[in-house]
Amino acid sequence: MAAVLIVGAGPTGLTLACGLARLGAKVRIIDKSPEFQSSSRGKGLNTRSLEVLADLGIGDRLLAAGRTRLPFRKYFAGEFVADADLSLDSAPTPDAPYPGGLFLPQFRVEELLREQLATYGVKVELGVELADFSQDEHHVTVTLADGGRITADYLVGCDGGRSPVRKRLGLGFEGSSDPEQAMVCGDVEVDGLDRTVWHQWFGPEGAVLLCPFEGSEKWQFQASPEREASGAEVEPSLESFQRIFDRCAGLPDVRLRNATWLSTWRVNVRMADRYRVGRVLIAGDAAHVHPIAGGLGMNTGIQDAWNLGWKLAHVVTGQAEPGLLDTYEEERLPIAAWTLNLTSATLSTMNESIRTPGVGIESGFTPDLTGLGIGYRRSSLSDDRLGGSLRAGDRAPDAPLLGPDATPTRLFDLYAGGHFTLLSFGHPAPELETAVRSVAIDAGPGSFDDVDGHARRAYGVDGAALVLVRPDNHIALTARADDAAAVRAYLAGLGR
Ligand SMILES: Cc1cc2nc3c(=O)[nH]c(=O)nc-3n(C[C@H](O)[C@H](O)[C@H](O)COP(=O)(O)OP(=O)(O)OC[C@H]3O[C@@H](n4cnc5c(N)ncnc54)[C@H](O)[C@@H]3O)c2cc1C
């Protein structure tokens, strides 16, 4: 019997499956689709998602598959206006190794996650559709569309915006929909355009954007829909995309061909009122949908799964009490509310920029979109006893260190793997009975050396202190260096 059944093998379900499998949880992941998705949809990973996926072991493969530099080339009323290169403002810093986001199509992210999942012996079961489920005190039983059954300890619906799991739980999905605010999108091949920039044509005729992808002939097409004389929207098709392009871009030599995905996206701003009912949870688009402006859909789903993964793994492997699962909703539901507001504001800014010559969609890009600032200070899992600049709940930053044998390493290397890490600044690490990785820094022989004081600066520690870091690389606890009892009590509180 599976400990966890994940419904939906999009980026959320796959991240969750990897997070569970690497910690030894028995997981199954099903998807109703008969084949893997091949559409580009989410075309960017933000900085925090890169950190998360690097911890899961696919950072280098993602960087090799994507593009960190993709200038936006803006045209207005058919005339070239300017290039904006966001990558020029970003460089790696000691506390954040990824200088910016990464452009790559969602199908590549999913492919790499599936490869990683396969290394744990887990494969996505395609063509397997959840039809219904029931739960009791001990199990969840899922009925499949073909009449089969799967029993698991927990069920997680990562089944997208129309989530059957959310609907069958009867959860509210409050918010607004604006069917008039629509965008047609698809994947096409393009002859006659420079592949080194993201082309963005704006003007009185509407907008059309063509984004090239690394290692693929595909470009993502996004545009204001074509309309009939009656005002009715024209269904997306290659012919309609070409007409929109000709009208907005006015480049008769550029031809679109081989459309492999055609779709219409409409503005929905909604979120679930609960993320857990007993043994059933939801994550990703199943829990929240919002404007794609700013590119946070896939990213927020990946980060939901990152938050839930270690908690669920600890519960099903008997290391934590089920109550730990309540902190998933406690921490991530406010992030969804914040994301709905942020992306709605970003959409308004971008809509305005489309109408303004000389202003590009980059005007809507703010540091909030990196995800680095997301934290859980108010969470019941955050125990801050020092009140420094970095608090319990905050993202645990990176820093370069020299190991006891003078080998260069990084805090992120020491965190990777899904375990708790105890940093002990200026004091030998206390002995702990549990499987926590102890890292003494500037604490005499055998400890790590804080190169140029980066770690101390990033963690706001002058003298001696203890910092317990969660498996998802957020700070669990800060305490005095001699207060090992606080660490023991914290871990005992999880039921470990
Ligand atoms: C044009 C476009 C551009 C976008 N750009 C970005 C961007 O730049 N950045 C970004 O972060 N996001 C972007 N997004 C949003 C992003 O694509 C979604 O937020 C993301 O796919 C959500 O991932 P998910 O895993 O939660 O759900 P999904 O990817 O929707 O996956 C859900 C899966 O569940 C399966 N499923 C559903 N019902 C069942 C069932 N009953 N039984 C079994 N399986 C089931 C489905 O087949 C599907 O595979 C964009 C979306 C679009 C359309």
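Order of listing sets the numbers, starting from 1, for every ligand and every atom in it.
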Could you tell me which atoms of ligand 1, counted from 1 in the order shown, lie closer than 4.0 angstrom to a heavy atom of Val7? 40 (C), 42 (N), 43 (C), 44 (N)
Under 4.0 Å from ligand 1, counting heavy atoms only, is it the side chain of Leu296, its backbone, both or neither? backbone
How does Ser163 reach ligand 1, if at all, at less than 4.0 Å between non-hydrogen atoms: by side chain, backbone, both, or neither? neither
What part of Asp159, side chain, backbone, both or neither, has a heavy atom within less than 4.0 angstrom of ligand 1? both
Take every heavy atom of Trp261, measure it against each atom of ligand 1, and state whether any distance is under 4.0 Å. yes
Protein contact to atom 41 (N) of ligand 1 [nearest heavy atom, distance to 0.1 Å]: Leu130 O, 3.1 Å
State if Gly301 counts as touching ligand 1 under the rule of any non-hydrogen atom under 4.0 Å. no
Contact check, Leu14 vs ligand 1, heavy-atom distance below 4.0 Å: no
Mind checking whether Asp285 has an N or O less than 3.5 Å away from an N or O of ligand 1? yes
Of all protein heavy atoms, the one nearest atom 39 (C) of ligand 1 is Lys32 CD, 3.7 Å
Glu110-ligand 1 polar pair, N/O distance under 3.5 Å: no
Can you see whether Phe213 has Arg108 sitting over its ring - NZ or CZ less than 6.0 Å from the centre and within 45° of the normal? no
Would you check, one step at a time, whether the test side-chain hydrogen bond (donor to acceptor under 3.5 Å, both in side chains) holds for Gln303 with Asn307? CA-CA 6 Å; Gln303 290 162 36; Asn307 183 288; over 6 Å; no
heavy-atom search around atom 48 (C) of ligand 1 in the protein gives Asp31 OD2, 3.4 Å
Indicate, as side chain, backbone, both or neither, the part of Pro164 found under 4.0 angstrom from ligand 1 when only non-hydrogen atoms are considered. side chain
Which residue holds the protein heavy atom closest to atom 29 (O) of ligand 1, what is that atom called, and what is the gap in Å? Arg41 NH1, 3.4 Å
May I ask you to identify the nearest protein heavy atom to atom 12 (N) of ligand 1, giving residue, atom name and distance to one decimal place in Å? Met298 N, 2.9 Å
Using a 4.0 Å heavy-atom threshold (strictly under), name the region of Val128 that reaches ligand 1: side chain, backbone, both or neither. backbone
Would Arg22 and Asp55 pass as an ion pair if we require N to O under 4.0 Å? yes
How far is atom 8 (O) of ligand 1 from its nearest protein heavy atom, and which residue and atom is that? Lys43 N, 3.2 Å
What pair of heavy atoms forms the shortest contact from Tyr275 to Ala336, and how long is it? OH-CB, 3.1 Å
Would you confirm whether Ser382, through its side chain, and Arg378, through its main-chain N or O, come within 3.5 Å as a donor-acceptor pair? no
If I apply the N/O under 3.5 Å rule, does Gly295 come out as touching ligand 1? yes
Asn299 contact mode with ligand 1 (heavy-atom cut-off under 4.0 Å): both
Taking atom types as modelled and ignoring hydrogens, do the side chains of Ser40 and Lys218 form a donor-acceptor contact shorter than 3.5 angstrom? no
Minimum-distance protein heavy atom relative to atom 17 (O) of ligand 1: Gln106 OE1, 2.7 Å
Give me the residue, atom name and distance of the protein heavy atom closest to atom 26 (O) of ligand 1. Thr12 OG1, 2.8 Å
Looking only at side chains, do Glu233 and Thr264 share a donor and an acceptor under 3.5 Å apart? no
Backbone of Trp306 reached by a side-chain donor or acceptor of Asp472 within 3.5 Å: no
Would you check the N or O atoms of Ala9, main chain and side chain alike, for any that come under 3.5 Å of an N or O of ligand 1? no
Is Arg270 reaching over with its side chain to a backbone N or O of Phe173, donor-acceptor style, under 3.5 angstrom? yes
